[in-house]
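Have a look at the structure below before the remarks.
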Amino acid sequence: MSLFGSHDASQGAPHSPAAASPLLANLNPEQLAAVTLPEGNALILAGAGSGKTRVLTTRIAWLLQTGQVSPGGVLAVTFTNKAAKEMVTRLTAMLPINARGMWIGTFHGLCNRFLRAHWKLANLPSTFQILDTQDQLSAIKRLMKQFNVDDERFPAKQTQWFIAGAKEDGRRPRDVEVRSEEDRKKVEIYQLYEEQCQREGVVDFSELMLRSYELLRDNDVIREHYQRRFRHILIDEFQDTNRLQYAWIKMLSGVTVEGRFVPGGSSVIAVGDDDQSIYAFRGARVGNMADFVREFEVQRQIKLEQNYRSFSNILDSANALIGHNTKRLGKNLRTDQGPGEPVRVYESTSDFAEAQWMVEEMRQLVREGIDRKEIAVLYRSNAQSRVIETALFNAAVPYRVYGGLRFFERAEIKHALGYLRLLENKDDDTSFLRIVNFPPRGIGARSIELLQDAARAAGHSLHDAVSAVGGKAGANLSAFVAKIDVLREQTVGISLREIIELVLDHSGLIEHYKADREGADRVENLEELVNAAESFVTQEGFGRDAVALPVDELRQSPASQGLDPSRPMIDEALEPLAPDAETGETLSPLAAFLTHAALESGDNQAQAGQDAVQLMTVHAAKGLEFDCVFITGMEEGLFPHENSMSDHDGLEEERRLMYVAITRARQRLYMSHSQTRMLHGQTRYNLKSRFYDELPEAALKWLTPKNQGFAPSAFGYGGGYATSRGAGGGSGGSGYGGGFGKESFASPPVPPQKAAPSHGLRSGMQVFHNKFGEGTVLALEGGGDDARAQINFPRHGVKWLALSVAKLTPV
DNA sequence: CCGGCGCAACCCCTT
DNA sequence: GTTGCGCCGG
């Protein structure tokens, strides 16, 4: 049967005129059905490695090619810049189309574009700048200090979290429910923070979303314009959307009848995977998927279950594991590839030995011809990377760690950006404070306090209040402000590159870091900033995120080359907005660059491109794939993490996280755990992860003998270890060292150096205590007489108990 | 005003 | 064990 003629069980026939399109070649039936979905809302459940991005981009290309939509009528939204970029790249490879004018980007990038176009209606200055998380925190700290808020009772971090959380639930201060004095205070701070941001002309990340949402909600002309404009809306990683993002999509996509949302205005395709929802901790709501089906009256759901990445031993493991979750939409990955190699499991005696073993194993893999960049080491938390890095470093194996500070987050870069922002907006007090005494110019805490008092009294920004401060402090401050003002004048009419060079030179930053023995890297980064600006300017479609083309301009702009040239960029029936609604102006290159810096913090990987082993957290690995993957620290308390394993939802998220980890591997997957581990400067005795028990025995091969799982206290953990060695050990495989052809094992397991604990407790166990009653073991640490257990007693809270003292009985 | 010291925190992270 | 922040002494 012809591929194009095939009907997916649940889906309608593919759009027939397009059947011959080469775009659709080599799609499997489910993919084809998804790409050629007829109008209407649909949910695509896209399993790991099922070709999700391909489906999304092919769908857009197909819609354009078949004339079902003009480029301006497409809205495609992702979470990360990386995903957005990839979409644009793939799309332009399929169709020689000019992506300018198309709304493809991140939620925040698109909201920014929208607010730039309608800044007046959004009640923002045309040059508003964006606060990143660091800036936001320092703004909150400053505010709390000014209003004498007790930072013991209201830690700044928590306040930040509260404000972001409220905004992401769509709540302004007046909408937040106040149930206690605490709440009242928090809302007051929130209110003050908003006023401060407004005064300074800055918005934080959640504000970009909320402000856009509110403008759409409150302005009928704007809303209806965009609702008419976007005929096709596609959302990637839908399981990661929060409440506000969901509401935003709803606002853009619907038809509003008497103020009520009615689906059907445009076709919304949500693509996601509930099994890969790992961001609940930052507000993601998997429930949005079910809500979407209900509220958008979704008629079509397609599951992409064919996996093109991994062999079936890996997929069977992933499927079996995730099958232990109860809250699922239901999906099973399958592959046409054979079983492949077994999943290898290794137990070590210490975290050090675990790392050592990995290094040896990796060397063997490299000898077998695997590229180092195709080997990834995944861990649950960043703290685990250190011991692995040490081992790799000592063995001179090139490696690369993901995470950590990104380019635009580095202190020296933030300082340079501080100067640039102040040139653009003198009222940006956050930037003012960052650089007023950096490099040091004799303006200390006392001077700044005087200035802040003066600014508050006069209702001015710090910049404008300088003249009100007298004495030596005033003179120093005036000199600083004068310097900034002179710089601003000098930047008129010169290129972005020249502006940055000027600032680097006159701010004294370069000089300052050159004088520092350890400042060489920072000088280099500052010089790199010039390059970043240069490539930003020369990039095709520069400032694409910063400006939105007005409808009239889109109509006039020549149609993109690959498509019918007579076809407009935008639906001809679309009315331009009234002049006062369409206030989009071209941002200055500097303002656009600053926006870019805030929205795209840059790569967080050192030395990209080198052939190096990849180290990262499981979270960071989402969306990536490797030939060989090591999942390390498969221990109770680590993975599942102790902070998540006491409640059901937390444990399910940990399991999804493990699912993500497993499905990163193409060919070879290793899992390892250790009997002892240094954590927070203490040796911990963790038990092997419960997740092992949820994997199919047939897919596993224990490189070290499999323990008997939980052993009664008389035997203790590791009880079967010494005797079973070499005797065929666990039930999972043919035992240690059994014939694997050319494969070799680096080093035999080292017998435990220390006695393993003999209390027989295991994280997650229910125990009984005479005084506290029943509780759950959260963590274990120490050994012998020092052994302690952390136990959560529902009645009495979480306690650390010394096992030599406390009487605990397993329930 | 700056650097040094002491103390607390410490899971995951993108915009 | 490490890092970052806040306070205090020079």
Side-chain angles (χ1 to χ4, degrees), chain A residues 77-84 105-112 130-138 141 145 151-152 155-157 161 164 167-168 203-210 212 237 240-242 244-245 277-284 351 378-387 390 402-406 408-409 411 437-448 472-473 476 545 595-604 616-623 633 637-645 650 653-654 656-658 660-661 677-684 779:
Chain A
V77 57
T78 64
F79 271 85
T80 64
N81 291 299
K82 198 176 158 198
T106 64
F107 277 104
H108 295 85
L110 295 177
C111 284
N112 172 63
I130 299 163
L131 295 184
D132 69 13
T133 318
Q134 281 178 45
D135 299 332
Q136 187 190 26
L137 186 67
S138 76
K141 280 185 180 164
K145 210 165 216 167
D151 59 355
E152 299 263 298
K157 273 249 170 66
W161 182 83
K167 288 189 182 183
E168 281 160 19
V203 295
D204 61 40
F205 287 130
S206 356
E207 186 68 28
L208 285 170
M209 289 277 347
L210 183 53
S212 307
E237 306 278 17
D240 290 338
T241 51
N242 61 34
L244 181 54
Q245 287 157 342
S277 161
I278 56 173
Y279 286 114
F281 71 92
R282 66 174 198 213
D351 50 352
L378 309 186
Y379 34 80
R380 176 64 178 84
S381 60
N382 279 308
Q384 287 167 250
S385 78
R386 217 180 57 90
V387 64
T390 309
Y402 278 60
L405 273 197
R406 287 127 44 127
F408 288 112
E409 291 168 354
N437 197 37
F438 197 92
R441 50 176 69 90
I443 299 173
R446 186 68 202 128
S447 306
I448 291 168
K472 191 158 173 287
N476 284 340
D545 272 344
T595 297
H596 164 80
L599 287 176
E600 259 183 85
S601 324
D603 273 343
N604 57 3
M616 67 195 84
T617 63
V618 181
H619 280 94
K622 192 178 164 211
L638 263 182
F639 206 172
H641 195 274
E642 55 189 333
N643 296 358
S644 312
M645 56 196 231
E653 180 141 322
E654 292 293 306
R656 292 192 290 270
L657 200 47
M658 179 64 72
V660 168
R677 182 176 299 276
M678 284 291 276
L679 200 67
H680 305 325
Q682 271 188 320
T683 303
R684 306 254 313 210

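Proteins get letters first, then strands, A, B, ... in listed order; numbering begins at 1 in each.
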Discussion item. I'd like the C1' distance from dT14(B) over to dT3(C), given in whole Å.
Written reply: 23 Å

Item to complete: For Ile130(A) and dT14(B), give me the distance from atom CD1 to atom P, rounded to whole Å.
Response: 17 Å

Worksheet entry | Salt-bridge contact Glu168(A)-Arg282(A) (side-chain N to carboxylate O under 4.0 Å) | no

Worksheet item: Is the shortest side-chain N/O distance from Asn437(A) to OP1 or OP2 of dC2(B) below 4.0 Å?
Response: yes

Discussion item. If I take atom CG in residue Asn242(A) and atom C1' in nucleotide dC13(B), what distance separates them, rounded to the nearest angstrom?
Written reply: 14 Å

Fill in: Whole-Å distance separating the OH atom of Tyr402(A) from the C1' atom of dT14(B)
16 Å

Discussion item. Within the 4.0 Å heavy-atom criterion, would you say Phe281(A) contacts the bases, only the backbone, or no part of the nucleic acid?
Written reply: base

Response to the item:
Leu208(A) atom CG is separated from dT15(B) atom P, nearest whole Å, by 13 Å

Practice prompt. Determine: side-chain N/O of Thr617(A) to OP1/OP2 of dC13(B), distance under 4.0 Å, yes or no.
Written response: yes

Discussion item. Between the side chains of Asp240(A) and Lys622(A), is the shortest nitrogen-to-carboxylate-oxygen separation below 4.0 Å, so that they form an ion pair?
Written reply: yes

Worksheet item: Has the side chain of Asp135(A) got a donor or acceptor atom that lies under 3.5 Å from a matching backbone atom of Asp132(A)?
Response: yes

Discussion item. Under 4.0 Å between a side-chain nitrogen and a carboxylate oxygen: does that hold for Lys141(A) and Asp151(A)?
Written reply: no

Practice prompt. Select base, sugar-phosphate, or nothing to describe what Phe107(A) touches, counting heavy atoms under 4.0 Å on all strands.
Written response: nothing

Worksheet item: Does a side-chain N-to-carboxylate-O contact under 4.0 Å join Lys82(A) and Glu600(A)?
Response: no

Discussion item. In whole Å, I'd like the distance from the NZ atom of Lys82(A) to the C1' atom of dT15(B).
Written reply: 15 Å

Check: protein-nucleotides 5-11 of chain B nitrogen or oxygen pairs below 3.5 Å:
from: dC11(B); atom 1: O4'; to: His641(A); atom 2: NE2; distance (Å): 3.0
from: dC11(B); atom 1: O2; to: Arg380(A); atom 2: NH1; distance (Å): 3.2
from: dC11(B); atom 1: O2; to: Arg380(A); atom 2: NH2; distance (Å): 2.6

Worksheet item: Between Met616(A) (CE) and dT14(B) (P), how many Å, whole number?
Response: 12 Å

Practice prompt. Could I get the full list of side-chain hydrogen bond (donor to acceptor under 3.5 Å, both in side chains) partners for Arg677(A), not counting sequence neighbours?
Written response: Glu354(A), Glu635(A)

Discussion item. Are Phe281(A) and His619(A), when compared by the centres of their aromatic rings, separated by less than 6.0 Å?
Written reply: yes

Discussion item. Mind checking if Ala598(A) touches a base, just sugar-phosphate, or nothing, with heavy atoms under 4.0 Å?
Written reply: nothing

Worksheet item: Sub-3.5 Å donor-acceptor pair from the side chain of His641(A) to the main-chain atoms of Asn643(A), do we have one?
Response: yes

Worksheet item: Touch check for Ser447(A), heavy atoms < 4.0 angstrom, all strands: base, sugar-phosphate only, or nothing?
Response: sugar-phosphate

Item to complete: May I ask you to verify whether the side chain of Thr133(A) and the base of dT15(B) hold a donor-acceptor pair under 3.5 Å?
Response: yes

Worksheet item: To the nearest Å, how far apart are Leu244(A) CG and dT14(B) C1'?
Response: 15 Å

Worksheet item: Can you give the first and last nucleotides of DNA chain C, 5' to 3', that have an atom under 4.0 Å from a heavy atom of chain A?
Response: dG1(C) to dG6(C)

Worksheet entry | Whichever of Ser206(A) and Ile443(A) has its nearest DNA chain B nucleotide further upstream toward 5' | Ile443(A)

Response to the item:
In short, Arg380(A) meets Ser644(A) closest at the heavy-atom pair NH2-OG, 4.2 Å

Discussion item. On the nucleotide dT15(B), are OP1 or OP2 found under 4.0 Å from the side-chain N or O atoms that Arg282(A) carries?
Written reply: no

Item to complete: Could you state the atom-to-atom distance from CD of Glu642(A) to C1' of dC12(B) in whole Å?
Response: 14 Å

Discussion item. Reading DNA chain B from 5' onward, which residue's closest nucleotide shows up sooner: Phe79(A) or Arg441(A)?
Written reply: Arg441(A)

Worksheet entry | Whether Arg656(A) side chain and Ser277(A) backbone form a donor-acceptor pair below 3.5 Å | yes

Worksheet item: Using a cut-off of less than 4.0 Å, is there contact between a side-chain N or O of Asn81(A) and OP1 or OP2 of dT14(B)?
Response: no

